[in-house]
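To keep things clear, I will list the structure first and then write my remarks on it.
Within every chain, numbering begins at 1; the chains are lettered A, B, ... in the order of the sequence lines, protein sequences first and strands thereafter.
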Amino acid sequence: MTSSPRVRFAPAPTGYLHVGGARSALFNWLFARQQGGTLVLRIEDTDQERSRPELIEAILESLSWLGIDWDEGPIFQSDRRDLYRTACEKLLADGGAYLIDDDKNEMPGSTLQPGLGVAVRVPEGTAAIRDLIRGEVTFDYADIDDFVIWRGRNDTPGFLLANAVDDPDLAITHVVRGEDLLSSTPRVMLIRRLLGMDYDPLYAHLPLLVNEQRQKLSKRKDDVSVGDYPAKGYLPEAMANYLALLGWGPPDGVEVRPMVEIVERFRLEDVVSSPAFFDLKKLEHINGEWIRRLSTDEFLAAAEPWVTGDDVPWPADRFDESVWRAVAPLVQERLKLMADLPAQVDWLFLAEAPEDPESWEKAMAGKVPAADLLDAVIEAYDAAGWEAETLKETLRVLGEERFGLKLGKAQAPVRVAVTGRTVGPPLFEGLVLLGRDETLRRLRAARARL
RNA sequence: GGCCCCAUCGUCUAGCGGCCUAGGACACCACCCUCUCAAGGUGGAGGCACGGGUUCGAACCCCGUUGGGGCUGCCA
């Protein structure tokens, strides 16, 4: 008999969702969706002092942004305090745990008392964890010290206790989480044993996500808050796609693909056991791939905040929707990050070509006779038909016949005069959109500076 | 220190005893394409940490060494 699995993602609201947590959430989700199982969202907010309720909404938002949905919850551990308290009292009464003072000295008594904490008395024996990724991992209780399960300081349950109680109570079948939790597992198992439960879930301890120093990603040292990624110009599809590739690889080697295809192929047993470096470079590449995969309409929708948001570099009233729609496909092909979008099109909506000294230097002070060339272009464009192909041909012929320059060289001064930069979308299509008058005005203005 | 986990190109991975003179992807280099930049195409450089076993045969199995990491909190 195979009943459908139940898994959970259990973040503590002590910070925003970071990429490591997101990856754990994603793997739980992938497994649940793969197996037709259930994903429970549980908020581990037992520590009154560290929990910040206002962060919960942000965490849920980040999960949703990634396309991770859940079937039950969020369940708050802070609502279930009585459950943990009852379990703790039982342990106390049975002698499996004892009261402690602030310095962890054992205190007399077998019921919870204000101001006193509770510690488990670790007995002899071993705990064998059944881990889908690592096989069987055994711990000897002789190596484990007595540990606190109830905080006397603020009279709240510790995470080990809450964990031990919740997973069976929620009928969790598979615990999928980071490897940093592996060492805490024997203690959770011990609590359950002392409580008389014969239940243990199957575990899957995911390899840690690490930084360049190969250390566990930390919110403090590493810039890894998922909530920051939309504003950096990442698409949720790209982030989720990349995260799925950390610790797992599709059997057919096709890395960039829709999440439904990843769900089809995902197997917890195939997750590797060694840590993975969170590589922004690869994320960027995948983001570029996803941007290019968008239909024009999808791209326009994704680009909306980048062309009409509060941070656009041009005055809102100068933005021209039809011009934007016309260049959009040209820009879509060249972006890795949506954040790079404004710099591609700003010259179309600014009153003047943007200033970029480096570009100016490169195009105007090089070997190309910029002044003479601009003079010639101005004269030619004043009379030319205003279509991309004509403008291109005009410049090509002019450049070759009068200056002995290939189009690649001849276009540089024109590009910088009009767009301000040496790089950008295809020039002649852009000139058509900018219009003859403004193009000529910018060419003359640039010529005057030489 | 103790316990536990891990070890294939710089990075992410494929490989689950012979298909491996180790495959793919990112990054890097070269060339092609090209109005710039991208994208795309072609090619290149680059790896099984080390030492013992087991086996007819090990990247794959076992042991050890070394290295890295995690935990060791009245955080999770």
(request) Look at the side chain of A:Arg415 and the base of B:C35, then say whether one donor and one acceptor between them are separated by less than 3.5 Å. (result) yes
(request) Applying side-chain hydrogen bond (donor to acceptor under 3.5 Å, both in side chains), run through A:Arg177 and A:Ser24 and close with a yes or a no. (result) CA-CA 6 Å; A:Arg177 24 116 91 143; A:Ser24 291; over 6 Å; no
(message) Heavy atoms from C-beta onward define the side chain here; which of B:G70, B:G24, B:A76 lies closest to that of A:Glu255?
(response) B:G24
(message) Could you check whether the side chain of A:Lys336 and the base of B:A38 have a donor-acceptor pair of N or O atoms closer than 3.5 Å, going by distance alone?
(response) no
(request) Determine the interplanar angle of the A:Phe299 and A:Trp324 rings, folded into 0 to 90°, and report it as parallel if under 30°, tilted if 30 to 60°, perpendicular if over 60°. (result) tilted
(message) Rounding to an integer number of angstrom, what distance separates B:G24 and B:C33 when you compare their P atoms?
(response) 25 Å
(message) Distance check, P atoms only: B:G23 and B:G44, in whole angstrom units.
(response) 11 Å
(message) Whether the side chain of A:Arg334 and the base of B:U36 hold a donor-acceptor pair under 3.5 Å is what I'd like checked.
(response) yes
(request) Compute the ring centroids of A:Phe31 and A:His174, then answer whether they are less than 6.0 Å apart. (result) yes
(message) Nearest to the side chain of A:Phe428, heavy atoms from C-beta on, is which of B:G70, B:C35, B:C4?
(response) B:C35
(request) Answer with yes or no whether A:Glu44 presents, from its side chain, a donor or acceptor under 3.5 Å of a partner atom in the base of B:C75. (result) no
(request) Begin with the C-alpha distance, continue with both residues' side-chain angles, and end with the deciding distance and a verdict on side-chain hydrogen bond (donor to acceptor under 3.5 Å, both in side chains) for A:Asn154 and A:Thr156. (result) CA-CA 6 Å; A:Asn154 51 22; A:Thr156 53; 2.6 Å; yes
(request) Tell me which nucleotide among B:G69, B:A76, B:C12 gets nearest to the side chain of A:Leu246. (result) B:C12
